[in-house]
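Single-structure report; data block below.
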Amino acid sequence: MVSRVAPLLIVAAVACSKGMQETTDDRWAIERERMVDHQLRGRDIRSDAVLQAMRRVPRHRFVPAEEQGGSYSDYPLPIGFGQTISQPYIVAFMTEALEVGPDHTVLEIGTGSGYQAAVLGELARDVYTIEIVEPLAERSRALLQELGYRNVHVRAGNGYLGWPDAAPFDRIIVTAAPDEMPPALVEQLKMDGLIAVPVGVGEQMLQVMRRTPAGLTMIKTLPVRFVPMTGKPKG
Ligand code: SAH
C-alpha cells in the first residue's frame, strides 16, 4: 500500500512547491508594478519602452539575499565589495535620457549587479559592459546568462579604456563617477551619439551629452551620487 501512496505524495509536494514559487514571483511582480507606477511614472519618466523594460527585469535577482526585501524600494542598495545597485529612478532617468533604440550598440562602464545592463539589454541590440571588480563581473555575467540576456556582454577590466574591439558605440553610460570625462570614451562614441556620465568628486552632476563635430554638447543634467570611478590611468 505504502508504495502506491508515495508517488502521489511526491507529486503533491512538487505541485505545492511550484505553487509557492509562483506566489513569490507574483509578489515580486506586484512590487515591480508599484515601483514603476510610483517611482517612475509618478515622476517624470514618460518613455513606454523604458517603463516596459523596467516592468520586465526581475530587479530582486540582482540584489543580495539579505537586501532582497528592499529590491523595489526608492533607494540604492549594497551589492558587496563596497558597491551599490542604483536607485530605480536613476536607472530609468539615465536610460530614458539616452534614447536607446533596438538598433543600438551600448557601452556601460560599471556593471556592478548587472541590473542596468539588463534594462539596456531589453532595449538595445547589444550591450557591452565593463566591471573593474573581477568577482562582480563574474557574478553578473553568470546571472545575466541565467536570465537569458544573450545580447549583454560582460568584461572584467578598466572602463577608463573603454572597449576598443566593440567600438564605436551609439550610446555610452557610465555608472561610476570619474573626476572628469574619460577621453577614450568620447573617442569610442559615434558622431551624434549620446553619453551619460556622473562627473565630480563628492558632489556629482550627471551630464547627458551629444557628440557633435564641434565637440560635446550638454543635453541635460541631474545632481546624483554614484560610487567613484577607480583605476584612472596616470598622466
Ligand atoms: N550599474 C550598476 C551600478 C554601478 S555601481 C548596477 O546596475 O548595479 C558602480 C560600479 O562601477 C561598481 O561595481 C564599481 O566597481 C565599478 N567601477 C568603478 N570604477 C570602474 C572602472 N574604472 N571600470 C569599470 N568599472 C568600474
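Here the structure is a predicted model, which is why all the values come from computation and not from measurement. Order of listing sets the numbers, starting from 1, for every ligand and every atom in it.
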Is any N or O atom of [X], backbone or side chain, closer than 3.5 Å to an N or O atom of ligand 1?
{"X": "Glu131", "answer": "yes"}
{"X": "Val133", "answer": "no"}
{"X": "Ile109", "answer": "no"}

Would Gly157 count as a contact of ligand 1 if the rule is a heavy atom under 4.0 Å away?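 Judged by the 4.0 Å heavy-atom criterion, Gly157 does count as contacting ligand 1.
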Contact between Ile79 and ligand 1, counting heavy atoms under 4.0 Å?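 In this structure, Ile79 fails to qualify as a contact of ligand 1 - no heavy atom is under 4.0 Å.
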Which of Thr111, Ile109, Thr175, Val106 passes side-chain contact (heavy atoms from CB on, under 4.5 Å) with Thr129? It is Thr111
Indicate, as side chain, backbone, both or neither, the part of [X] found under 4.0 angstrom from ligand 1 when only non-hydrogen atoms are considered.
{"X": "Lys232", "result": "neither"}
{"X": "Thr111", "result": "backbone"}
{"X": "Val227", "result": "side chain"}
{"X": "Gln83", "result": "side chain"}

Proximal atoms of ligand 1 relative to [X] (non-hydrogen, under 4.0 Å):
{"X": "Asn158", "value": "21 (C), 22 (N), 23 (N)"}
{"X": "Gly159", "value": "21 (C), 22 (N), 23 (N), 24 (C)"}
{"X": "Glu108", "value": "1 (N)"}
{"X": "Gln116", "value": "1 (N), 7 (O)"}
{"X": "Leu136", "value": "13 (O)"}
{"X": "Ile85", "value": "8 (O)"}
{"X": "Ser113", "value": "6 (C), 7 (O), 8 (O)"}

Start with the C-alpha distance between Asp74 and Arg43, add both sets of side-chain angles, then the distance that settles side chain to side chain contact (heavy atoms under 4.5 Å, CB included), and finish with yes or no. CA-CA 12 Å; Asp74 196 13; Arg43 293 196 181 121; 2.5 Å; yes
Under 3.5 Å, is there a donor-acceptor pair between the Tyr115 and Arg59 side chains? no
Under a 3.5 Å cutoff, is there a donor and acceptor pairing between the side chains of Gln83 and Ser113?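 No, no side-chain donor-acceptor pair sits under 3.5 Å.
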List the steps, then state whether side chain to side chain contact (heavy atoms under 4.5 Å, CB included) holds for Arg125 with Asn151. CA-CA 7 Å; Arg125 190 181 57 207; Asn151 61 338; over 6 Å; no
Going from [atom1] on [X] to [atom2] on [Y], what distance comes out if it is rounded to the nearest 0.5 angstrom?
{"X": "Thr95", "Y": "Ile45", "atom1": "OG1", "atom2": "CD1", "value": "8.5 Å"}
{"X": "Asn158", "Y": "Glu131", "atom1": "CG", "atom2": "CD", "value": "10.5 Å"}
{"X": "Lys220", "Y": "Phe93", "atom1": "NZ", "atom2": "CZ", "value": "5.0 Å"}

Lys232/Glu180 ion pair, N-O < 4.0 Å: yes
Which atom of Gln204 lies closest to which atom of Pro198, heavy atoms considered: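 In this case the closest contact between Gln204 and Pro198 is OE1-CB, 4.1 Å.
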